[in-house]
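Working notes, beginning with the structure itself.
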Amino acid sequence: MDKDGSFVIMDYKQLVADALAPTMADTLSADDIYKKIERPKDSSMGDYAFPTFTLAKTFRKAPQQIATDLVEQLDQSKFEKVQVAGPYINFFLDKAAFSADILAQVSAQGADFGQNENGKGGNVPIDMSSPNIAKPISMGHLRSTVIGNSIAEILKKNGYNPIKDNHLGDWGTQFGKLIVAYLKWGNEDDVKKDPITNLVKYYVKFHQEDKEHPELDDEAREWFKKLEDGDAEAHRLWSWFRDESLKAFNQIYDKLGVTFDTYNGEAFYNDKMQAVIDELKEKGLLKESQGAQVVDLSKYDLNPALILKSDGASLYITRDIATAVYRDKTYHPAMNLYVVGSEQMYYFQQLKAVLTEMGLASAKDLHHIPFGLITVDGKKLSTRSGRIILLDEVLDDSIAMAKKQIAEKNPDLPNKDEVAKQVGVGAIIFGDLKNERMNSIDFNLADQLKFEGETGPYVQYARARAESILRKAADVTPAGENATINDPEAWETVKTLADFPAIVEEALADFEPSDIAKYSIRLAKAFNKYYAHSKILADDAEKPARLALVKSVSTILKESLRLLGVQAPDEM
RNA sequence: GUCGCAAUAGCUCAGCUGGAUAGAGCAACGGUCUUCUAAACCGUAGGUCGAGGGUCCGAAUCCCUCUUGCGACACCA
């Protein structure tokens, strides 16, 4: 936050553009120059670079020559040095001034560093997680949950107000089957003891039995009809299954450290669908086709959206339209986000098109945030086929692995269990978020349980070591305003710290938590390298400045992890 | 069949709005703990960026065609 405007990051790229502008006032505008400035991949080529290829035609000279000429003309006083490297002009920043500036900002702002108000407090409902009642939470749900949760944190960091909505699958014909199965083969105590396992057992048994006893399907249909008509017994059972399932889900959410603002599942919208259908009719959007009611979307180059089945029953999209209308009225959203698998991309195009046709205000800012499929041996997960990976088991395996690591590496650690949980769960969340959303993942437990290299624990470990140094240096106060570091080993770390605010904006623009995860690895790596090559606690004049750097790194690593929904233990 | 997503080192992936010799991590091999936690650091080896065209001073990146894999294509969600 720019508390009083004095902490606005100095734009060092602008500094470069300003230096170049007078040398070619007739050829390129300051703005064009700014856009052409790049960041070299390697520090040996400077901190910023200006390529001269494009000027070759206008100047009718070789790019190398242009670079040489320009450097002779420009004011180098604000830089450590300016060098010609072939067709490039490389700018080296004044390290002392730059690091003092950055460290002062991070020290003053702490975890608020990188906070912006771009969102102006706008509401952003996020449709996420969405498990089905009476079914287990699998690795498939992990993605929606963890991506949605991270995007919510990133939204806040950009000044929006996210509303995390767990759109539970709590309605549908399967509840008729479940009620029948429960009444025939179930019992109360088992459901209370382990709701998901037992409810799934009943459901599976129903499907086995109905092959030989097709009359079971009629019973199930009857019970679902009763449920829809508000029958007391049907409703009591449905509501109980829902509560018990939710209790079980919440244990997993607790473990993940994810909370929700609302749990408006499908059932919540039951009484809101008729109004939607009426509105569609009023606006003349509904057309009959093969006995069903559809909205024609040919002008969007999409297939028609089927709103009502030929028997008059509603469909998933009917409910989703009602949901969008409800969110529009309730929240006046700045954006409307759906964190749902990529297999539904086409569907969300249709949904958005229908809402646009209806003239819904928030339709244009509806964003489907798709993610790649999790498979096992290259095949899709499915509860029915038994090809399922239970999220809870994976989390427990990972926590157990973390415990083992602690026993080997740091047996005297206090709070072992808590740290093992933070590290184990962190590894799973980070592992999911570090790659681009759209990549599909073929599940492999061994890959998930890696704690070395570019992983969550790697980032956590880097921060734990930073904290350890700060504990040992308790007698020295880190420098605030005047933290000048001349140590060249520290330079990469300082520069990486300065990148954080831009990464926060980029991650939101792309809806990519992986931008944050990759950044955190980059910062941890830079710090680890610094740590390995410098004696931070050496007693000399720069010690307070080095500690300011360590403190800043710790702050930003923790903040990056927080944006991902990963915890950061002080010791591990 | 139509549309969408993908293809980069043995494996898993980065490569920003096209730019300087294509980078990491695992795995392999070799170093570094009497000094701030070795879950770390340093080094060696490993690639016709799926194939072929095109645009450009310059293409892993943009355009076209093809191949392969995955997914979606109205009465499931």
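Owing to the predicted nature of the structure, the values given are computational and were not obtained by experimental measurement. Values reported hereafter were calculated over all heavy atoms of this structure, with side chains retained and with hydrogens, waters and symmetry mates removed.
Of the candidates A39(B), C76(B), C41(B), the closest approach to any side-chain atom of A532(A) belongs to C41(B). Candidate nucleotides A74(B), C41(B), G71(B) were compared by shortest atom distance to the side chain of Q290(A), and A74(B) ranks first. When the nucleotides C42(B), C76(B), C36(B) are ranked by their closest atom to the side chain of K529(A), C42(B) comes out on top. You'll find that the side chain of E436(A) is closest to G15(B), out of G15(B), A24(B), C36(B). The nucleotide whose nearest atom lies closest to any side-chain atom of E452(A) is, among C41(B), A39(B), A77(B), A39(B).
Electrostatic pairing of R39(A) and D47(A) does not count as a salt bridge here, judged by no charged N lying under 4.0 Å from a carboxylate O. Using a 4.0 Å cut-off between charged side-chain N and carboxylate O, K525(A) and E492(A) make no salt bridge. The pair R522(A)-D499(A) meets the salt-bridge criterion, since a charged nitrogen lies less than 4.0 angstrom from a carboxylate oxygen. A salt bridge between D170(A) and R242(A) is present, with a side-chain N of the basic residue lying under 4.0 Å from a carboxylate O of the acidic one. Using a 4.0 Å cut-off between a side-chain N of Lys or Arg and a carboxylate O of Asp or Glu, D510(A) and R437(A) do not qualify as a salt bridge.
In this structure, CG of D515(A) is placed 17 Å from P of C13(B), rounded to the nearest angstrom. Rounded to whole angstrom, the span from the CG atom of L306(A) across to the P atom of C73(B) amounts to 12 Å. Rounded to an integer number of Å, the gap from CD1 of I516(A) to P of C16(B) is 18 Å. With rounding to whole Å, M345(A) atom CE is found 8 Å from A6(B) atom P. Residue E506(A) contributes atom CD, which lies 9 Å from atom P of U17(B) at whole-angstrom precision. Taking atom OH on Y530(A) and atom P on C41(B), their separation rounds to 16 Å, with Å as the unit. Note: CG (L413(A)) to P (A39(B)) measures 13 Å, nearest angstrom. Note: CD (E454(A)) to P (A27(B)) measures 13 Å, nearest angstrom.
S520(A) and S560(A) share no side-chain donor-acceptor pair at under 3.5 Å. Side chain to side chain, S534(A) and E489(A) fail the donor-acceptor criterion of an N or O pair below 3.5 Å. Judged purely by distance below 3.5 Å, without hydrogens or angles, the side chains of N435(A) and S514(A) never pair a donor atom with an acceptor atom. When only modelled atom types and interatomic distance are considered, D320(A) and Y269(A) share no side-chain donor-acceptor pair under 3.5 Å.
Of the C1' atoms belonging to A24(B) and C66(B), the separation is 32 Å, rounded to the nearest Å. Atom C1' of U2(B) sits at a distance of 35 Å from the matching atom of C11(B), rounded to the whole Å. C57(B) and G18(B) have their C1' atoms separated by 12 Å, given to the nearest Å. For the P atom pair drawn from G50(B) and G10(B), the interatomic distance equals 13 Å after rounding to whole Å. Comparing G30(B) with U34(B), their C1' atoms sit 24 Å apart, to the nearest whole Å. Nucleotides G47(B) and C41(B) have their P atoms positioned 25 Å apart, rounded to a whole Å. For the C1' atoms, the distance from A6(B) to A51(B) is 16 Å, rounded to whole Å. Rounded to whole Å, the separation between the P atoms of C62(B) and A72(B) comes to 26 Å.
S310(A) comes within contact range of at least one nucleobase, with a heavy-atom separation under 4.0 Å. Across all strands, S289(A) comes closer than 4.0 Å to base atoms (heavy-atom distances). Using a 4.0 Å heavy-atom distance criterion, E38(A) is classed as a base contact. Using a 4.0 Å heavy-atom criterion, one finds that V550(A) contacts no nucleic acid atom at all. Residue-level contact check: L537(A) touches the bases, meaning some heavy atom is under 4.0 Å from a base atom. Using a 4.0 Å heavy-atom distance criterion, A56(A) is classed as making no nucleic acid contact. Within the 4.0 angstrom heavy-atom criterion, no nucleotide atom of any strand lies near D296(A). Looking at heavy-atom distances under 4.0 Å, Y458(A) makes contact with sugar-phosphate atoms alone, never a base. Among the heavy atoms of the strands lying under 4.0 Å from E571(A) is at least one base atom, whether or not backbone atoms are also near. Residue contacts shown for A313(A) are absent, as no nucleic acid heavy atom lies under 4.0 Å away. Residue P40(A) is classed as a base contact, given a heavy-atom separation below 4.0 Å to a base. Note on Q460(A): nothing from the nucleic acid sits closer than 4.0 angstrom, heavy atoms only. Among the atoms of the strands shown, base atoms are found under 4.0 Å from some heavy atom of A49(A). Within 4.0 Å (heavy atoms only), Q350(A) reaches no atom of the nucleic acid at all.
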Polar atom pairs (N or O), protein with nucleotides 57-59 of chain B, under 3.5 Å:
unit_1, atom_1, unit_2, atom_2, d
C57(B), OP1, K57(A), NZ, 2.8

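Aromatic rings from Y347(A) and Y316(A) are positioned such that their centres are separated by under 6.0 Å. Here Y519(A) and F500(A) bring their ring centres to under 6.0 angstrom of each other. If you look at F224(A) and F175(A), their ring centroids are not closer than 6.0 Å. Ring to ring, F348(A) and Y338(A) are close: their centroids are under 6.0 angstrom apart. If you look at Y461(A) and F451(A), their ring centroids are not closer than 6.0 Å.
Look at Y461(A) and you'll find a side-chain N or O under 4.0 angstrom from OP1 or OP2 of A39(B). For K518(A) and G15(B), the shortest distance from a side-chain N or O to OP1 or OP2 is below 4.0 Å.
For the segment residues 441-451 of chain A, residues with any heavy atom less than 4.0 angstrom from an atom of RNA chain B are, sorted by number, K450(A), F451(A).
None of K558(A), R463(A), R465(A) except one satisfies the salt bridge (charged side-chain N to carboxylate O under 4.0 Å, His left out) rule with D570(A); the exception is R463(A).
Secondary-structure stems of RNA chain B, taken as three or more successive Watson-Crick or G-U wobble pairs (i with j, i+1 with j-1) under a 3.5 Å distance threshold, comprise B:1-7 with B:67-73, B:10-13 with B:23-26, B:28-32 with B:40-44, B:50-54 with B:62-66.
In this pair, Y530(A) and F527(A) present their aromatic rings tilted. The plane angle is within the 30 to 60° band.
When each of I536(A) and A85(A) is assigned the nucleotide of RNA chain B bearing its nearest heavy atom, the one mapping closer to the 5' terminus is A85(A). Residue whose closest nucleotide on RNA chain B sits further toward the 5' end, between I317(A) and N439(A): N439(A).
An anti base is found at C5(B): its glycosidic angle is more than 90° from 0.
Side-chain to base pairing of T455(A) with A39(B): no donor and acceptor N or O lie closer than 3.5 Å to each other.
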